[in-house]
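This is a predicted model, so every value here is computed, not measured.
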Amino acid sequence: MTPFPRVDAEYVVVDNVFGRIDGVLRRRPGRTAPTVVVQTHPRLPSDGNLTAWPNLDLPLHGIDTFAFNNRYSNSAAGTEVITAWENFGLDMAAAVAEMRRRGYRHVILYGHSAGGPLVAFYQNVAENGNGVFRDGRALCGFRGYLDRNGRALGLPPADAIVTHNGTTGTGYSFLVRLDGSIVDEARALRDPQLDPFEPANGYDPATGAAHYEATFLRRYYAAQCRRMNRLVAVAQDRLARNRAGRGEFVDDGFIVIPGIRAEPASVDLGLAAATSAEWPLHPGGASTMVRSRRRLVPNYARRNRSLRDGGTVHTLSGFLSYRAVLADPEVHDPDATTPELGGVDLSSSNATTAGNIAGVTVPLLVTASTADTQVHLPHAELAWNAAVRAADRTLAFVDGAEHDMTPIDERYGDTRAIHLAIVRDWLADRFPTGA
């Protein structure tokens with residue numbers, strides 16, 4: 001009987017010019033592969049980042065992995081409260097620089113969920129420098145990375161990026177989940193004519209399912225934009241007053257946002273139900289119009305009104321950096337498959353996938369799941385269509401897989417293994433493990 005191959009896990013503390021992080025490097029005993037996949041996630045706690053799938057699988061196939069914690073992973077306050085999106089760039093740079101120092105010829109960035117916009121952001125800055133920030137044009141005002149002497153700090157680029165059920169961006173995805181019916185933030189008062197959980201608007205409380213008319217959806221999407229734009233204006237005004245010494249704090253403040261679980265597609269399965277074009281569908285890989293197999297999100301209406309799942313707290317500066325984006329109420333379409341049709345001002349945030357992936361030139365693999373309730377089929381198409389400078393780009397779907405790539409039922413087989421085979425084969429074609 002052939003013994004199952006073992007994977008060594010080395011705990012690594014990285015401390016270089018970009019920052020101090022910790023992570024776990026996994027590889028086959030006695031060998032270092034030429035390729036390493038660097039993986040992290042903005043919001044996972046330290047145990048999630050260091051142990052989350054697929055860290056244990058790729059090294060068995062000749063590809064090492066390095067999963068690391070960002071500076072917020074061990075924060076008692078939590079990522080939502082203190083996060084500045086741009087800080088993730090330095091944490092990622094520390095990891096990439098360490099992998100280069102260790103002699104890896106090929107460094108691949110892998111982003112799952114909110115890690116998708118993160119790796120796109122990082123590679124865009126690494127390839128194009130501080131000009132990406134457009135002299136602080138984004139809502140947070142960030143102007144770029146500088147060294148201790150005030151000179152531009154270049155970030156080491158990776159050789160390819162892989163996104164797996166990547167979101168549209170932390171602000172973009174926040175917009176599409178925002179309860180557009182809320183008209184009073186302090187009391188979470190809702191306009192019944194805009195409430196997606198009112199039976200008169202197409203929701204069935206007995207089943208938790210909905211069927212929304214196009215006229216309601218148009219009004220609702222516009223209301224989501226108007227609410228987001230109001231939140232941005234409030235955060236900017238309060239932050240300016242605080243910093244001018246006219247608020248409750250002298251440097252920052254807090255913003256409490258109720259109603260953040262109100263995406264119509266989570267309860268109306270007729271929305272985002274198929275791709276707009278034919279794409280490879282696995283297993284098999286034949287090109288076809290891909291159909292959604294996602295299920296209703298349970299207890300969604302109750303979650304939207306709860307404190308635990310339906311509310312969030314941010315610092316004002318953290319909100320403007322991490323969760324804010326401007327959008328046009330007359331244009332916004334949450335299921336747009338091209339940036340032009342989405343109605344989102346991509347220059348208002350440094351954290352949109354479409355805005356950043358447009359600047360990436362290295363090989364790109366976008367993978368997505370047909371049963372994902374968090375990231376829908378059009379979102380994967382949006383990322384692929386936005387990557388206009390990537391000459392080598394691939395989009396592939398895994399049938400019957402959920403957000404974490406587990407199957408919705410046994411009919412779809414081992415969907416995690418199917419996904420890993422896609423990634424492994426794609427990398428092997430471009431970065432042979434024996435090279």
Side-chain angles (χ1 to χ4, degrees), residues 167-168 171-185 188-231 257-277 289-306 309-310 325-345 354 368 370-382 385 403:
T167 73
T168 51
Y172 201 144
S173 60
F174 195 67
L175 168 66
V176 301
R177 293 191 283 111
L178 202 59
D179 189 339
S181 71
I182 291 182
V183 292
D184 184 324
E185 298 294 332
L189 292 180
R190 292 168 168 83
D191 179 350
Q193 293 184 326
L194 288 171
D195 192 337
F197 303 114
E198 280 289 332
N201 296 327
Y203 179 73
D204 183 354
T207 64
H211 174 71
Y212 301 115
E213 299 294 334
T215 53
F216 171 79
L217 290 172
R218 183 68 265 152
R219 290 189 297 110
Y220 184 74
Y221 296 152
Q224 287 181 301
C225 293
R226 288 192 294 269
R227 186 183 176 207
M228 173 64 91
N229 294 344
R230 288 197 307 269
L231 289 169
I257 306 174
I260 63 168
R261 303 284 178 189
E263 181 181 20
S266 290
V267 289
D268 186 342
L269 299 185
L271 302 175
T275 57
S276 62
M289 296 293 290
V290 180
R291 305 286 176 181
S292 172
R293 302 192 188 279
R294 73 186 193 277
R295 297 168 174 172
L296 292 175
V297 176
N299 302 314
Y300 200 58
R302 179 177 176 80
R303 291 176 65 198
N304 184 53
R305 283 174 162 80
S306 74
D309 291 328
V325 68
L326 295 176
D328 185 345
E330 302 302 318
V331 178
H332 177 54
D333 177 3
D335 296 327
T337 57
T338 63
E340 298 78 18
L341 299 177
V344 171
D345 181 358
T370 64
D372 192 345
T373 60
Q374 299 182 46
V375 181
H376 301 147
L377 303 181
H379 300 161
E381 289 185 291
L382 174 62
N385 286 326
H403 187 62

Quick one: list whatever passes salt bridge (charged side-chain N to carboxylate O under 4.0 Å, His left out) with D195, sequence neighbours left out. R305

State the OG1-CZ distance between T373 and R295, to the nearest 0.5 angstrom. 11.0 Å

With side-chain contact (heavy atoms from CB on, under 4.5 Å) as the criterion, how do V297 and V267 come out once you've worked through the C-alpha distance, each side chain's angles and the decisive distance to 0.1 Å? CA-CA 6 Å; V297 176; V267 289; 5.7 Å; no

Residue pair A223 / L194: nearest heavy atoms and the distance that separates them: CB-CD1, 3.8 Å

Can you find a pair of side-chain heavy atoms, one from I257 and one from R227, that are under 4.5 Å apart? yes

Could you tell me if the side chain of L341 sits less than 4.5 Å from the side chain of D333, heavy atoms only? no

Would you indicate whether the side-chain heavy atoms of E263 and P334 approach each other to under 4.5 Å? no

Determine, step by step, whether Y203 and E198 satisfy the side-chain contact (heavy atoms from CB on, under 4.5 Å) criterion, reporting the C-alpha distance in whole Å, the side-chain angles of both residues, the deciding distance to 0.1 Å, and the verdict. CA-CA 6 Å; Y203 179 73; E198 280 289 332; over 6 Å; no

Compare all side-chain heavy atoms of S292 with those of T370 and state whether any distance is below 4.5 angstrom. no

Could you tell me which non-hydrogen atom of T337 sits nearest to which non-hydrogen atom of N385, and how far apart they are? O-ND2, 2.7 Å

Heavy-atom check, side chain of Y221 versus side chain of P264, under 4.5 Å: yes

Give the minimum heavy-atom separation between L382 and A336, together with the two atoms involved. CB-O, 3.8 Å

F174 vs M228, side-chain contact (heavy atoms from CB on, under 4.5 Å): CA-CA, chis, key distance, verdict: CA-CA 9 Å; F174 195 67; M228 173 64 91; 3.8 Å; yes

Heavy-atom side-chain contact between P199 and P205 under 4.5 Å: yes

Quick one, T168 and V375 - any side-chain contact, counting heavy atoms below 4.5 Å? no

About how many Å separate NE2 of H376 and OG of S266, when rounded to the nearest 0.5 Å? 5.0 Å

What are the two closest non-hydrogen atoms of P196 and Y212, and how far apart are they? O-OH, 2.7 Å

Looking at residues at least two apart in the chain, or sitting in another chain, which of them share a salt bridge (charged side-chain N to carboxylate O under 4.0 Å, His left out) with R218? none

Can you tell if the side chain of V344 reaches within under 4.5 Å of the side chain of L326, non-hydrogen atoms only? no

Test of understanding: with salt bridge (charged side-chain N to carboxylate O under 4.0 Å, His left out), list the residues that count as partners of D179, not counting sequence neighbours. R190

Rounded to the nearest 0.5 Å, how far does CZ of R294 lie from CD of Q374? 12.0 Å

Give the minimum heavy-atom separation between I182 and G259, together with the two atoms involved. CD1-CA, 4.0 Å

Does any N or O in the side chain of R177 come within less than 3.5 Å of the main-chain N or O of I260, such that one atom is a donor and the other an acceptor? yes

Tell me if the CZ atom of R230 is crowded by more than 12 foreign heavy atoms within 6.0 Å. yes

Nearest-0.5 Å distance, CG of residue L178 to CG of residue L231: 6.0 Å

Between Y172 and H332, what is the shortest heavy-atom contact and its length? CE2-CE1, 4.3 Å

To the nearest 0.5 Å, what is the distance between CZ (R303) and CG (D309)? 4.5 Å

Find the distance between OG1 (T167) and NE2 (H379) and round it off to the nearest 0.5 Å. 9.0 Å

